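This structure is a prediction, so every number in the text was calculated from the model and none was measured. Both counts, for ligands and for their atoms, begin at 1 and track the order of listing.
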Amino acid sequence: MDNHNYKNKLKMDSLPKHIAIIMDGNGRWAKQKQQSRSFGHKAGSKALERIVKAADSLGIAHLTVYAFSTENWKRPKEEVNALMKLLSQYLNQYLKDTKDNNVKIDVIGDITKFDEEIQRKIEKIQELTLKKNGLNLHIALNYGSRDEMTRAVKKIVTDVMESKIDLNSIDDSLISSYLDTKEIPDPDLLIRTSGEKRISNFLLWQIAYTEFYFTDKLWPDFDENDLYKAIFEYQNRERRFGTI
Ligand code: FPP
């Protein structure tokens with residue numbers, strides 16, 4: 001157990017502007033407790049609420065969380081249904097709580113694959129929180145980086161064919177502006193829980209210079225102090241962005 005209080009050690013003038021999280025380990029957490037995987041996802045959604053609050057009160061500008069990937073549809077139907085139910089409940093809770101907090105919600109990914117009802121809730125939350133000035137919470141839903149890039153390439157080619165853009169104007173920043181994350185700065189810090197050291201098709205374009213932080217903690221156990229610890233470690237790294 002690491003009992004340090006990391007919050008007091010943080011340099012408040014150099015916080016990461018954007019933290020991305022791969023919330024992994026819900027299933028294993030539940031298995032350890034001889035519970036269903038859905039039980040683990042429910043605990044995962046509590047952990048998400050906790051971390052959103054902590055990031056917002058710390059003053060983090062952007063938090064992007066991987067809640068449902070383009071590959072997650074291949075899980076057993078029962079688990080997909082449980083995740084959809086949880087998503088629906090999470091959105092309902094947010095619709096209720098939104099007046100009491102300052103969090104602005106934005107969904108990235110292709111939401112056209114979700115039920116109409118879920119799509120409507122997502123649109124409503126985005127609309128209701130549009131003017132909020134606290135944490136920008138980006139929830140990745142039916143998100144996969146390759147899918148995002150494929151959609152972007154199609155849009156770019158269409159715009160070239162329709163002479164909306166010139167072939168020679170295609171560069172890094174133009175490509176970024178066609179991605180779901182167009183209005184979000186690239187992540188400074190990416191956290192993955194549960195001991196896995198993979199990127200799993202998350203923000204591949206955006207993490208070119210991101211610092212990675214891996215922890216063995218399973219997502220439902222990840223708490224405020226774990227977030228502060230990750231930021232503390234990030235603040236003690238040297239970032240050179242390809243220079244010397
Ligand atoms: C990874 O754990 C987690 C997910 C696939 C989903 C993340 C979802 C949440 C944190 C719940 C809250 C989200 C919503 C829908 C708003 P895993 O199932 O891959 O765990 P395992 O690797 O131990 O099996």
Could you work out, for atom 23 (O) of ligand 1, the closest of Met23, Arg28, Gln89 by heavy-atom distance?
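Looking at heavy atoms only, Arg28 sits closest to atom 23 (O) of ligand 1.
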Considering only heavy atoms, which of Asn26, Asn72, Leu87, Val65 lies nearest to atom 9 (C) of ligand 1?
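Ranked by closest heavy atom to atom 9 (C) of ligand 1, first place is Asn26.
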Quick one: look up the protein heavy atom nearest [atom] and list residue, atom name and how far away it is.
{"atom": "atom 12 (C) of ligand 1", "value": "Ser45 CB, 3.5 Å"}
{"atom": "atom 11 (C) of ligand 1", "value": "His41 O, 3.6 Å"}
{"atom": "atom 6 (C) of ligand 1", "value": "Ala67 O, 3.4 Å"}
{"atom": "atom 19 (O) of ligand 1", "value": "Arg75 NH2, 2.9 Å"}
{"atom": "atom 20 (O) of ligand 1", "value": "Gly27 N, 3.0 Å"}

Judged by atom type as modelled, is there a donor-acceptor pair below 3.5 Å linking the side chain of Lys182 to the main-chain atoms of Ile175?
no
Indicate yes or no for a side-chain donor-acceptor contact from Tyr66 to the backbone of Ala20 under 3.5 Å, with no hydrogens or angles considered.
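Judged by distance alone, no pair lies under 3.5 Å.
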Under 4.0 Å between a side-chain nitrogen and a carboxylate oxygen: does that hold for Arg151 and Asp180?
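Salt bridge between Arg151 and Asp180, a charged N being under 4.0 Å from a carboxylate O: yes.
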Check this for me, if you would: do Asp188 and Lys17 make a salt bridge, where the nitrogen-to-carboxylate-oxygen distance has to be below 4.0 angstrom?
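The answer is no: the pair does not qualify as a salt bridge.
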Which of the atoms in ligand 1, numbered in the order shown and given with their element, are less than 4.0 Å from a heavy-atom of Trp219?
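Result: 10 (C).
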Going by distance only, is there an N or O of Asp24 that falls short of 3.5 Å from an N or O of ligand 1?
yes
Short side-chain donor-acceptor distance under 3.5 Å, [Y] and [X]:
{"X": "Glu148", "Y": "Gln206", "answer": "yes"}
{"X": "Asn225", "Y": "Lys7", "answer": "no"}
{"X": "Trp73", "Y": "Asn142", "answer": "yes"}

Counting heavy atoms under 4.0 Å, the part of Arg37 that contacts ligand 1 is side chain
